Amino acid sequence: MPDADRIQLEPTWKARVGDYLLRPEMRELSAFLRQRKAAGARIYPPGPEIFAAFDATPFDAVRVVILGQDPYHGPGQAHGLCFSVRPGVPVPPSLQNMFKEIERDLGIAPPGHGCLLPWAHRGVLLLNAVLTVEQGRAGAHQGRGWEAFTDHAVETLGREREGLVFMLWGSYAQKKGAVIDARRHRVLRTTHPSPLSAHRGFLGCGHFSAANDYLVRTGAAPIDWSLPPRAELEL
């Protein structure tokens, strides 16, 4: 990651959270990332994709927020959107369960790949709490400063927008979303889609139809949760 004041962030987000990147703790995070890279650590996602969630879903375009924890730590998986993987990468188990629930809830068959970029372009902010990780070391960059920055982004969304849907799956996301005013937004909570917990509430939760019902009631367009075949993806 470059120095914080040189980071290229989508303009509508930069206008609201760009100043946060100039704080001393974010400069410390930048220095930490440079040190780890110099030491030979493989950091994911690649530098230009660290802020991909913001780039793909401008501030005023957000209609739904899905909160993840940290990026996938296997080679070629992470590309800056929570739960999403690049085309051609095997679909991770949690995302498989998300697709199972969408099929049960909305009758939409799984797409045969795990790239969620079309959702992001339709207004679904796919935001991890921690934006970087190291190969083979899940959670390697937790507690280094990313959490406060993404908290700030979530708080800003909640304060400046109305009528959003926040999908909080698992205790980590629910804790992070505690600042959201449920009187101004629709907050959906259940267990994480991980195979360890999906059967305790996620499968059968109906969150995807519930999100669309709320959006329509508040005068917004529903989300198209279908995904095009891999050959038709526009990356």
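The first residue in the sequence is number 1, and the count goes up from there. Keep in mind the model is a prediction, meaning the values are calculated, not measured. We use all heavy atoms of the structure for the numbers below, so side chains are in, but hydrogens, waters and symmetry mates are not.
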| request: Scan S194, S197, C82 and name whichever one has a side-chain contact (heavy atoms from CB on, under 4.5 Å) with S94. | output: S194

| field | T12 side-chain N/O to F59 backbone N/O, donor-acceptor pair under 3.5 Å | value | yes

| request: Locate the shortest heavy-atom distance separating P46 from A78; write the atom from each residue and the value. | output: CD-O, 4.1 Å

| Quick one: are K176 and D151 in side-chain contact, heavy atoms under 4.5 Å? | yes

| Should L116 and V124 be counted in the same cluster of Ile, Leu, Val, Met, Phe, Trp and Tyr side chains packed under 4.5 Å apart? | yes

| field | T57 side chain vs V62 backbone, donor-acceptor pair below 3.5 Å | value | no

| message | Less than 4.0 angstrom from a charged side-chain N to a carboxylate O is my criterion; do K100 and E103 meet it? | response | no

| Under 4.5 Å between any side-chain heavy atoms of C115 and L227, yes or no? | no

| query | Does Q142 reach the side chain of D70, with side-chain heavy atoms less than 4.5 Å apart? | reply | yes

| request: State plainly whether one hydrophobic cluster holds both L168 and V65, where clusters connect Ile, Leu, Val, Met, Phe, Trp and Tyr through side-chain heavy atoms under 4.5 angstrom apart. | output: yes

| message | Quick check for you: to the nearest 0.5 Å, what is the distance between Q77 atom CD and R86 atom CZ? | response | 10.5 Å

| remark: On a heavy-atom basis, the closest approach of V133 and A140 is CG2-N, 4.1 Å

| field | Co-membership, hydrophobic cluster, residues W169 and V91, 4.5 Å side-chain | value | yes

| request: Could you tell me whether the side chain of W13 and the main chain of G18 form a donor-acceptor pair under 3.5 Å? | output: no

| Aromatic ring pairing Y20/F149, orientation class (parallel under 30°, perpendicular over 60°, tilted between) | tilted

| message | So that I know where these two stand, are F202 and H207 an aromatic pair - ring centroids less than 6.0 Å apart? | response | no

| task | Spell out, as yes or no, whether a donor-acceptor pair under 3.5 Å connects the side chain of Q96 to the backbone of P110. | result | no

| task | Indicate, with yes or no, if the rings of W146 and F51 have centres closer together than 6.0 Å. | result | yes

| Nearest-0.5 Å distance that lies between atom CZ in F54 and atom CG in L125 | 6.5 Å

| Over 12 foreign heavy atoms within 6.0 Å of CZ, R184 | yes

| request: Say whether, by atom type as modelled, one donor and one acceptor occur between the side chain of D105 and the main chain of S209 under 3.5 angstrom. | output: yes

| Taking the six-membered ring for Trp, are the ring centroids of H113 and F99 within less than 6.0 Å of each other? | no

| request: Indicate yes or no: at least one non-hydrogen side-chain atom of T156 is less than 4.5 angstrom from one of V154. | output: no

| task | Drop me the distance from R144's CZ to R36's CZ, to the nearest 0.5 angstrom. | result | 8.5 Å

| Distance from D181 atom CG to H185 atom NE2, nearest 0.5 Å? | 6.5 Å

| query | Quick one: does R63's side chain have a donor or acceptor within less than 3.5 Å of a partner on A221's backbone? | reply | yes

| field | R186 charged N/C atom sitting above F166 aromatic ring, 6.0 Å / 45° | value | no

| For the student: nearest non-hydrogen atoms of L131 and P45, plus distance | O-CD, 3.3 Å

| query | Considering only heavy atoms from C-beta outward, does the side chain of P228 approach that of P118 to under 4.5 Å? | reply | yes

| Would you say L203 and L196 are hydrophobically clustered, going by side-chain heavy atoms of ILVMFWY under 4.5 Å? | no

| Can we say E10 and R16 salt-bridge, meaning some charged N sits less than 4.0 Å from an Asp/Glu carboxylate O? | no

| request: Give, for atom NZ of K175 and atom CG of L67, the distance between the pair rounded to the nearest 0.5 Å. | output: 14.0 Å

| query | Between N128 and T150, is any pair of side-chain heavy atoms under 4.5 Å apart? | reply | no

| said: Are the side chains of V64 and L164 in contact, using a 4.5 Å heavy-atom criterion? | reply: no

| Pairwise distance CG(L106) to OG(S226) - rounded to 0.5 angstrom | 10.0 Å

| said: Using every non-hydrogen atom in the two residues, find where G68 and F83 come nearest and quote the distance to one decimal. | reply: CA-CE1, 4.3 Å

| request: Taking the side chain as every heavy atom from C-beta outward, state whether T132 and I50 have any atom pair closer than 4.5 Å. | output: yes

| Shortest non-hydrogen contact from L233 to P87? | CD1-CG, 3.6 Å

| remark: Paired with Y44, the side-chain hydrogen bond (donor to acceptor under 3.5 Å, both in side chains) test is passed by just one of H73, Q135, H141, namely Q135

| Given the rule in the side-chain contact (heavy atoms from CB on, under 4.5 Å) test, do M26 and L22 qualify, once you have shown the distances and angles that lead to the verdict? | CA-CA 6 Å; M26 297 306 292; L22 304 179; over 6 Å; no

| note | Heavy atoms of P71 and V130 approach each other most closely as CD-O, 3.1 Å

